[in-house]
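A short write-up of the structure that comes next.
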Amino acid sequence: MPIDLAIVPVAGHGTRLLPSTKSQPKEMLPVGRKPVVQYVVEELASSGMRRILFVTGPGKTSIENHFDINVELISVLRETGKEELLEELEFERKDLQYFYTRQRRQLGLGHAVLCARPLAGHEPVVVALGDSIIGLNAQSDIVRRMTDEFERADADAVIAFETVPREDVVHYGIAKPRSPLTPSPSPPEGRGEKSSVGEVFVLDDLIEKPAVAEAPSNLAVAARYVFKPAIFDLLAQTPPGKGGEIQLTDAIRLMIQMGGRVLGIQLPASERRFDIGNFESYFQAFVEFALADSRYGPALRDFLRSHLANETADARR
Ligand code: UTP
């Protein structure tokens with residue numbers, strides 16, 4: 001049976017984005033015209049996921065409301081002659097089933113994934129962080145490539161990685177790949193365009209936020225995972241780590257130490273990860289998506305150009 005269940009943890013406090021996240025989820029912040037989590041769901045749907053299991057927490061009900069069919073809003077749009085706006089609600093009609101469970105205490109990402117266990121059962125699952133978009137406008141089929149690789153290699157886990165500047169390794173979970181990296185097999189027929197398929201490698205270890213001098217690579221975990229259900233047993237055995245939280249990284253390390261076959265797959269440069277977890281990368285993502293907007297992008301580009309030119313002229317005066 002193809003993997004079609006994705007767990008999307010969205011229960012975090014989002015403290016790095018305060019005050020924006022005081023009473024709204026960071027996963028609902030807009031990037032261009034859509035909230036972050038809508039991109040995540042659209043990406044998962046285009047990679048073959050059919051069941052989306054959100055792990056939510058306090059203050060996250062707007063996520064549930066966002067994916068509901070809003071009959072009242074639809075009739076208001078019809079009655080007020082705004083039918084053209086109905087297409088903005090098309091995503092509500094995707095052939096997806098939504099499930100929600102609560103992480104009652106925010107004990108970390110690993111704990112959030114563990115909360116999904118009773119609903120996920122005994123099948124392989126995708127985990128996609130609800131605060132990260134892959135590719136401009138979520139135009140990425142990395143999850144499909146990961147599930148293909150997972151099945152082809154009979155892996156215990158497949159994890160997406162992105163290359164980051166060496167000085168930034170201190171912020172991420174960093175791969176220790178078994179060297180040398182082996183090129184991945186050619187993409188299946190019909191996906192010839194995707195010659196950008198990332199390199200696939202065996203993971204020897206995963207180091208959480210290493211010092212620059214100690215980092216075994218500059219490949220950082222990039223918010224998408226595929227796991228055999230064994231991950232739940234490992235999470236249940238994982239003691240709280242940094243900040244008293246149960247870290248997904250620790251459970252993955254345990255998997256590797258117990259002889260599990262854990263693979264990494266590198267995101268191609270064209271499918272960057274947009275991390276909406278801090279203001280610096282959130283602002284950059286917003287500007288990039290807004291500039292790429294077919295309707296509003298050109299005017300924004302003109303505005304930014306003249307704004308920056310004026311700033312430079314002022315600075316010279
Ligand atoms: P982060 O690691 O960015 O944590 O979460 P956070 O708590 O949301 O943010 P900060 O550090 O306080 O700013 C990555 C993803 O994992 C989810 C978040 O909602 C986010 O989508 N998460 C994190 C949970 O679901 N539960 C947790 O306990 C922690």
Side-chain angles (χ1 to χ4, degrees), residues 6-31 34-44 52-64 66-67 98-120 125-134 138 143 159-162 164 168 170-174 206 208-209 220-225 227 231-232 235-236 238-252 273-285:
I7 298 170
V8 184
V10 292
H13 289 303
T15 53
R16 285 170 296 157
L17 293 174
L18 280 170
S20 301
T21 48
K22 180 165 178 273
S23 61
Q24 68 175 333
K26 70 172 158 180
E27 296 83 4
M28 284 299 290
L29 291 175
V31 177
K34 299 178 195 173
V36 180
V37 72
Q38 186 179 331
Y39 291 105
V40 175
V41 166
E42 288 175 352
E43 176 211 323
L44 291 170
I52 309 291
L53 169 42
F54 287 107
V55 181
T56 77
K60 303 280 179 163
T61 42
S62 59
I63 297 176
E64 299 177 41
H66 190 70
F67 291 101
Y98 296 99
F99 302 87
Y100 300 91
T101 188
R102 301 268 290 205
Q103 183 186 22
R104 294 165 70 198
R105 289 199 296 155
Q106 279 52 64
L107 296 178
L109 174 59
H111 179 255
V113 173
L114 190 54
C115 290
R117 181 182 206 168
L119 292 162
V125 287
V126 165
V127 173
L129 302 198
D131 67 351
S132 288
I133 304 168
I134 309 292
V143 167
I159 301 168
F161 287 90
E162 63 174 345
V164 296
D168 288 351
V170 293
H171 302 300
Y172 301 97
I174 298 293
L206 196 54
E208 190 60 29
K209 304 188 172 77
V221 175
R224 300 291 181 268
Y225 312 79
F227 292 115
I231 192 66
F232 296 119
L235 282 167
T238 301
K242 228 175 195 167
E245 296 190 337
I246 296 177
Q247 306 288 351
L248 186 55
T249 309
D250 290 342
I252 295 167
R273 170 198 186 187
F274 293 92
D275 176 7
I276 316 302
N278 63 76
F279 280 117
E280 187 181 351
S281 56
Y282 172 42
F283 287 175
Q284 288 170 3

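Counting starts at 1 for both ligands and their atoms, in listed order.
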Between F54 and F67, does a ring pair (Phe, Tyr, Trp, His ring centres under 6.0 Å) hold up when you go through it step by step? CA-CA 11 Å; F54 287 107; F67 291 101; 5.5 Å; yes
With heavy-atom distances below 4.0 Å as the criterion, list the atoms of ligand 1 near [X].
X: Q106; result: 28 (O)
X: A11; result: 19 (O), 24 (C), 25 (O), 26 (N)
X: L109; result: 16 (O), 27 (C), 29 (C)

Find out whether [X] and [Y] are in side-chain contact, i.e. whether some heavy atom of one side chain is under 4.5 Å from a heavy atom of the other.
X: L235; Y: R117; value: no
X: L44; Y: V126; value: yes
X: V31; Y: I276; value: yes

With side chain to side chain contact (heavy atoms under 4.5 Å, CB included) as the test, pick out the partner of V37 among E27, E42, K26, K60.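 Option passing the side chain to side chain contact (heavy atoms under 4.5 Å, CB included) with V37: E27.
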Using a 3.5 Å cut-off on N or O atoms only, is [X] in polar contact with ligand 1?
X: A112; answer: no
X: E27; answer: yes
X: V55; answer: no
X: G108; answer: yes
X: H13; answer: yes
X: L129; answer: no

Within less than 4.0 angstrom of ligand 1, does Q103 place any heavy atom?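 A heavy atom of Q103 does come that close to ligand 1.
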Under 4.0 Å, counting heavy atoms only: does K26 come that close to any atom of ligand 1?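 K26: in contact with ligand 1 (<4.0 Å).
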Could you find the nearest protein heavy atom to [atom] and give me its residue, atom name and distance?
atom: atom 12 (O) of ligand 1; value: T15 OG1, 2.5 Å
atom: atom 24 (C) of ligand 1; value: G12 N, 3.3 Å
atom: atom 14 (C) of ligand 1; value: D131 OD2, 3.6 Å
atom: atom 11 (O) of ligand 1; value: R16 NE, 3.2 Å

Examine the proximity of ligand 1 to N278 and report which part, side chain or backbone, both or neither, has a heavy atom under 4.0 Å away.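 N278 to ligand 1: no contact under 4.0 Å from either part.
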Would you be so kind as to tabulate the donor-acceptor pairs closer than 3.5 Å made by side chains of residues 10-22, with sequence neighbours excluded?
from : atom 1 : to  : atom 2 : distance (Å)
T21  : OG1    : G14 : O      : 2.8
T21  : OG1    : L17 : O      : 3.4
T21  : OG1    : L18 : N      : 3.4

Using 0.5 Å steps for rounding, measure from the CG atom of L53 to the OG1 atom of T101.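 So the CG of L53 and the OG1 of T101 are separated by 7.0 Å.
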Criterion side-chain contact (heavy atoms from CB on, under 4.5 Å) on V127 and R224, from CA distance to verdict: CA-CA 6 Å; V127 173; R224 300 291 181 268; over 6 Å; no
Tell me whether the centres of the aromatic rings in Y282 and F274 are closer together than 6.0 Å.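 Between Y282 and F274, the centre distance exceeds or equals 6.0 Å.
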Going by atom types only, do Q103 and H111 share a side-chain donor-acceptor pair under 3.5 Å?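 Side-chain D/A pair, Q103 to H111: present.
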